[in-house]
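Sequence lines set the chain letters: A, B, ... in the order given, protein chains first and strands last, and positions in each chain run from 1.
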Amino acid sequence: MVKDGGQLYTIEGVAAGLIMLMTAYLVVGATSVYTPGDAHINDMQLEILGSDALKMLDTPQNYTDSKSPLQQIVETDDGSRFWLMFNNTVNNRTGSIPDHIHFTANYSYRMTADNSINSSFINASRNLTGGEHAVRVTKWVIVNKKLPGSATFQDRAVLVEVLLWRD
Amino acid sequence: MTDESGNLSIDFLVGFTIFMLAFIWVTSMVPGMLIGLKSNTIDYDAVAYRTGVILVEDPGWPVSPPWESYSDGQKDEITRFGFAVSKGSPNIISEDKINRFFCSSFIYPDDYHSRAIFGDYNYFFNISVMDVERNQTRSVGDVLPDGYGYIRRLAKIKGLSNTTIGQSQIEKHHYNNTENVTTHEFSVVINNTKLLGDITDPAYQIDPARDTIIINLTDLRSTIKNVTPSPSTIEVKSDTVAITLSSIKVYRWDSGVLSMVRLYDKPYIDGRNIPDTPPVSNIKDNVSLIINPRVFDIMQAGYSQLYINFTFNVQPQSNPLSGCTFLNNTNNLKATPLGSFSYDYFPDNVTQPRLRDAVVEVAVW
């Protein structure tokens, strides 16, 4: 005769097992809520800052200025001016201690010959190593420039793209 | 007989089930409790963001006349603060609005909470604006704690336009009249229709119905010159002449008809901080008008052509025989352009609105 010592009798055992499985499932599922809800707040703040900075650089100081600083920078490939203006603008704070945001910038345009996209480096406050958690901001700018250098002067739309990150 | 060892009883199973259900319920509550704690900082950031957007991208309410032109007694009519010069020009903020926002007539936190922060929860906050070019920071609110919601916005402050009619302008345009009169009238024309039509971008527009304009008349005594002293006449010394500002009349030109609409009664004389009401005697050297947009609203002259006429009384009377001149352009054929001084987009006449870098920070906790 088969002994039944040490066994669970059918329905009780199945019920207890289901309850434990359900518990484990709920507990594991519940812990996933611990993912920080504000993980993207810093990214959002950085993105707004970058967008504002590009917008301000693309605003002439007077109505007599026919071109914005950003247009002039792209037209003359003046990377040092971009570094100075963008760095000051994006790191300005109302307190005495400036922020420490780094950036790298370039602009892109369409090659009319073969419809490919060509990019030109503007300047960077630090080289991008790949480990940074950077956000990307862009601004379309109309410039009168030879793009590429072998072309004639004409109004072209270029996309200025800046990657920003904090240390 | 069946061996019962190792079996679970029904009692135990029921008890264990109840316990496990309670345990599951409690466990599922814990993350909710944590979310509740965490959501405060998320909420603070969201409120700070919202306030930043309202301040930098919105002109506030009322718009016309703008809220910043409302006096302290009318501040209850202001429903929303906002710095933007217009809804179509975000990030271009008005110097007038910033000045009014930080003036002492608004009380922290109530006046600011109901017009900029909003919401039922009594947030603490700090709002600060930095004029980068002038290195000037103004703020309202509490001292920042360790943790708070935060947003920083970059903007441009639209400076105020102004004109200073001094000796160089007076000589250049021949505004120093030599007529044999004691009463001299100097006129400044503000053609709102032309101002709004010539430049349409609100960032650079001179719009007296939205922005304060400033008119300075300086070097008044310098215009009293002994141009043709004759041995037969008594030479007039400029420092012995008494200058009185009799009145400042505002005329409106509508459909070919010029009509006086009001007397302007708040000129600032000789750099004093409090305006005087004409007639004002013994003026030393300058008269300034700081014209609030509300003046144009009261006159319903946002699209009209206005003449602001300063009437001066000079004793002893100026005339060529006594070799004396004084500021006058309403009856002077030599004046160029003939007649009134134009408040316009000509940079030689008027210092144009200029954009300056600014930083707006909002912290909420």
Checklist outcome for this item: Most contact-rich option vs chain B, by heavy-atom pairs under 4.5 angstrom, among A:Q61, A:M22, A:M44, A:K55, is A:Q61
Item to check | Check: A:H102 and A:E132 side chains under 4.5 Å, non-hydrogen atoms | outcome: no
Next on the checklist: At a 4.5 Å cut-off on heavy atoms, which part of B:Y345 comes close to chain A: side chain, backbone, both, or neither?
Outcome noted: both
Checklist entry - Non-hydrogen atoms of chain B under 4.5 Å away: do they reach the side chain of A:L49, the backbone, both or neither? => result both
Item to check | Residue among B:K158, B:M130, B:Q205 with most heavy-atom pairs under 4.5 Å to chain A | outcome: B:M130
Pair up each side-chain donor or acceptor in residues 96-104 of chain B with any protein partner under 3.5 Å, not counting sequence neighbours, and list the distances.
residue: B:D96; atom: OD1; partner: B:T212; partner atom: OG1; Å: 3.1
residue: B:D96; atom: OD2; partner: B:T212; partner atom: N; Å: 2.7
residue: B:D96; atom: OD2; partner: B:T212; partner atom: OG1; Å: 2.7
residue: B:K97; atom: NZ; partner: B:P59; partner atom: O; Å: 2.9
residue: B:K97; atom: NZ; partner: B:E68; partner atom: OE1; Å: 3.1
residue: B:N99; atom: OD1; partner: B:R138; partner atom: NH1; Å: 3.0
residue: B:N99; atom: OD1; partner: B:R138; partner atom: NH2; Å: 3.1
residue: B:N99; atom: ND2; partner: B:E95; partner atom: O; Å: 3.3
residue: B:R100; atom: NE; partner: B:E68; partner atom: O; Å: 3.4
residue: B:R100; atom: NE; partner: B:Y70; partner atom: O; Å: 3.1
residue: B:R100; atom: NH1; partner: B:D72; partner atom: OD1; Å: 3.3
residue: B:R100; atom: NH1; partner: B:S105; partner atom: OG; Å: 2.9
residue: B:R100; atom: NH2; partner: B:Y70; partner atom: O; Å: 2.8
residue: B:R100; atom: NH2; partner: B:D72; partner atom: OD1; Å: 3.1

Checklist entry - So which of B:L355, B:L154, B:D201 has the biggest tally of heavy-atom pairs under 4.5 Å with chain A? => result B:L154
Item to check | Residues B:D348 and B:K172 bridged, charged N to O under 4.0 Å | outcome: yes
Next on the checklist: Please classify the contact of B:T137 with chain A as side chain, backbone, both or neither, using a heavy-atom distance under 4.5 Å.
Outcome noted: side chain
Checklist entry - Is it the side chain or the backbone of B:Y49 that comes within 4.5 Å of chain A heavy atoms, both, or neither? => result side chain
Checklist entry - Rounded to the nearest 0.5 Å, how far apart are CG of A:N87 and NE2 of A:H100? => result 12.5 Å
Checklist entry - Between A:D77 and A:K145, does at least one N-O distance fall below 4.0 Å, as a salt bridge requires? => result yes
Checklist entry - Between B:Y303 and B:N191, do the side chains contain an N or O donor and an N or O acceptor separated by less than 3.5 Å? => result no
Checklist entry - If you count heavy-atom pairs under 4.5 Å between each of B:R354, B:R152, B:Q352 and chain A, which one has the most? => result B:R152
